[in-house]
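Notes follow the structure.
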Amino acid sequence: MFLTDDLLQIDEAESSQVWRVPVRQITVVEAEVSERWMVNARMHPSRFRELVPAQFLEPQLVDGSVVLALCAIRMRHAAPAWAPLALGPASMNCALRVGCRDSRDGRPCVWVTKRFTDSVLATTLAELGFPAVSGGLVDHGGVGRLDLSAGGGLVQVQAGPGHAPAPELFGSGEALDAFIAAGVRSYAPGRTPGHWSVIDLEKRAENNFIHCVGWEGWLRTPWGDCTIDGVYRTVDGFYRWSCHGEVDDHARPL
């Protein structure tokens, strides 16, 4: 006797491809990445609570500023850990991140306001237990370029070679790598108000960020347009996102 999964059928109109996804809980997602971008901006600490509603989080200041960053990831393949990675579809993804500390123990972490993707499988994640990722991301560029919009234009970034001054927050890719590596845990809005999802991001390859010297552009966020303070890129990575459920506003597991 063979046991089989129920299947969700998803029709991708643009490519006329049909995806059939097993109805099985998703707690870990893995991805082979062709490139990852980080675009940083400074915000005044007085605006921290506008960005981060979770009360157990406090700002992790760099040179006196809150670090707001757009992280954009172009994936060759992405799939749940229980599925062959090579079968997962390609996609472009982005998220707005805020550098934080856990007020209970001072450990660095990240607040992620919202995640966006152009993957046809976006809604499937939430249906199968992983924190929601919003669709509707539009990639206006391509490999080696950064020109994205998401959320109906609420989030936009455009950057390219220019004459930008040296960044104030992180003077090198190594400095940014160290900052990111120190805070692999992220918190994001949960399924109900006052609950926060918990996801750890593990880098599983030795790809490192390189500062794109002179790159300039603009970053639009729900809190206003930001002056870019450094653009960084890394290529050929492997990453794993592990979901650890949700916590309440006192960081107690639910």
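Here the structure is a predicted model, which is why all the values come from computation and not from measurement. Numbers here simply count residues along the sequence, with the first being 1.
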**Message:** In the structure I gave you, are the side-chain heavy atoms of Gln158 and His140 within less than 4.5 Å of one another anywhere?
**Reply:** no
**Prompt:** For atom NZ of Lys114, is the number of surrounding heavy atoms from other residues, nucleotides or ligands below 6.0 Å larger than 12?
**Reply:** no
**Request:** Report the C-alpha distance between His244 and Arg185 in whole Å, list the side-chain angles of each, state the deciding distance to 0.1 Å, and finish with yes or no for side chain to side chain contact (heavy atoms under 4.5 Å, CB included).
**Result:** CA-CA 10 Å; His244 301 287; Arg185 172 147 295 185; 3.5 Å; yes
**Message:** Give me the atom names and distance for the closest heavy-atom approach of Trp111 to Ala54.
**Reply:** CZ3-CB, 4.0 Å
**Request:** Report yes or no: does Asp229 contribute a side-chain atom to a donor-acceptor pair with the main-chain N or O of Glu168 at less than 3.5 Å?
**Result:** yes
**Item:** Side-chain heavy-atom pair Leu61, Val66 within 4.5 angstrom cut-off
**Value:** yes
**Pairs satisfying salt bridge (charged side-chain N to carboxylate O under 4.0 Å, His left out), at least one member in residues 25-34, at least two apart** = Glu30-Arg240, Glu32-Arg76
**Asked** Mind checking whether Val98 and Val155 sit in one hydrophobic cluster, side chains of I, L, V, M, F, W, Y counted as touching below 4.5 Å?
**Response** yes
**Prompt:** Does the His44 side chain pair with the main chain of Ser46, one donor and one acceptor, at a distance under 3.5 Å?
**Reply:** yes
**Request:** Answer yes or no: is there a side-chain heavy-atom contact under 4.5 Å between Phe209 and Arg36?
**Result:** yes
**Message:** Parallel, tilted or perpendicular: which one describes the rings of Phe170 and Tyr232, with boundaries at 30° and 60°?
**Reply:** perpendicular
**Side-chain heavy atoms of Ser186 within contact of Trp196, under 4.5 Å** = no
**Message:** Between Asp118 (side chain only) and Met92 (backbone N and O only), is there a donor and an acceptor less than 3.5 Å apart?
**Reply:** yes
**Prompt:** At their closest point, which heavy atom of Gly183 faces which heavy atom of Val110, and how far apart are they?
**Reply:** O-CG2, 3.5 Å
**Candidate pair Asn40 and Leu176, rule side chain to side chain contact (heavy atoms under 4.5 Å, CB included), full reasoning** = CA-CA 10 Å; Asn40 296 324; Leu176 178 63; 3.9 Å; yes
**Request:** Verify salt bridge (charged side-chain N to carboxylate O under 4.0 Å, His left out) between Asp139 and Arg74, making sure each step is shown before the conclusion.
**Result:** CA-CA 10 Å; Asp139 183 3; Arg74 181 170 281 108; 2.5 Å; yes
**Prompt:** Side chains of Cys109 and Leu57: closer than 4.5 Å at any heavy-atom pair?
**Reply:** yes
**Prompt:** Would Ile210 and Arg233 count as a side chain to side chain contact (heavy atoms under 4.5 Å, CB included) if you check the C-alpha gap in whole Å, the side-chain angles of each, and the deciding distance to 0.1 Å?
**Reply:** CA-CA 5 Å; Ile210 302 296; Arg233 178 175 178 255; 5.8 Å; no
**Prompt:** Are the side chains of Arg191 and Leu254 in touch, meaning some heavy atoms are under 4.5 Å apart?
**Reply:** no
**Request:** Applying side chain to side chain contact (heavy atoms under 4.5 Å, CB included), run through Gln55 and Arg49 and close with a yes or a no.
**Result:** CA-CA 9 Å; Gln55 296 298 308; Arg49 202 51 72 188; 3.8 Å; yes
**Request:** Would you tell me whether Asp63 and Ser65 have side-chain atoms, one donor and one acceptor, within less than 3.5 Å of each other?
**Result:** no
**Request:** Please report the closest heavy-atom contact between Tyr239 and Lys203, naming both atoms and the distance.
**Result:** CE2-CG, 3.7 Å
**Request:** Taking all heavy atoms of Ala78 and all of Met75, pick out the closest pair and write down the distance.
**Result:** CB-SD, 3.5 Å
**Item:** Non-hydrogen side-chain atoms of Pro108 and Phe179 separated by less than 4.5 Å
**Value:** no
**Request:** Side-chain contact test, heavy atoms from C-beta onward, threshold under 4.5 Å: evaluate it for Ser149 versus Gln156 and give yes or no.
**Result:** yes
**Complete:** Correct closest heavy-atom pair for Trp223 and Arg47 would be O-NH2, 3.1 Å
**Message:** Ignoring hydrogens, what is the shortest heavy-atom contact between Phe56 and Val247? Give both atom names and the distance.
**Reply:** CZ-CG2, 4.1 Å
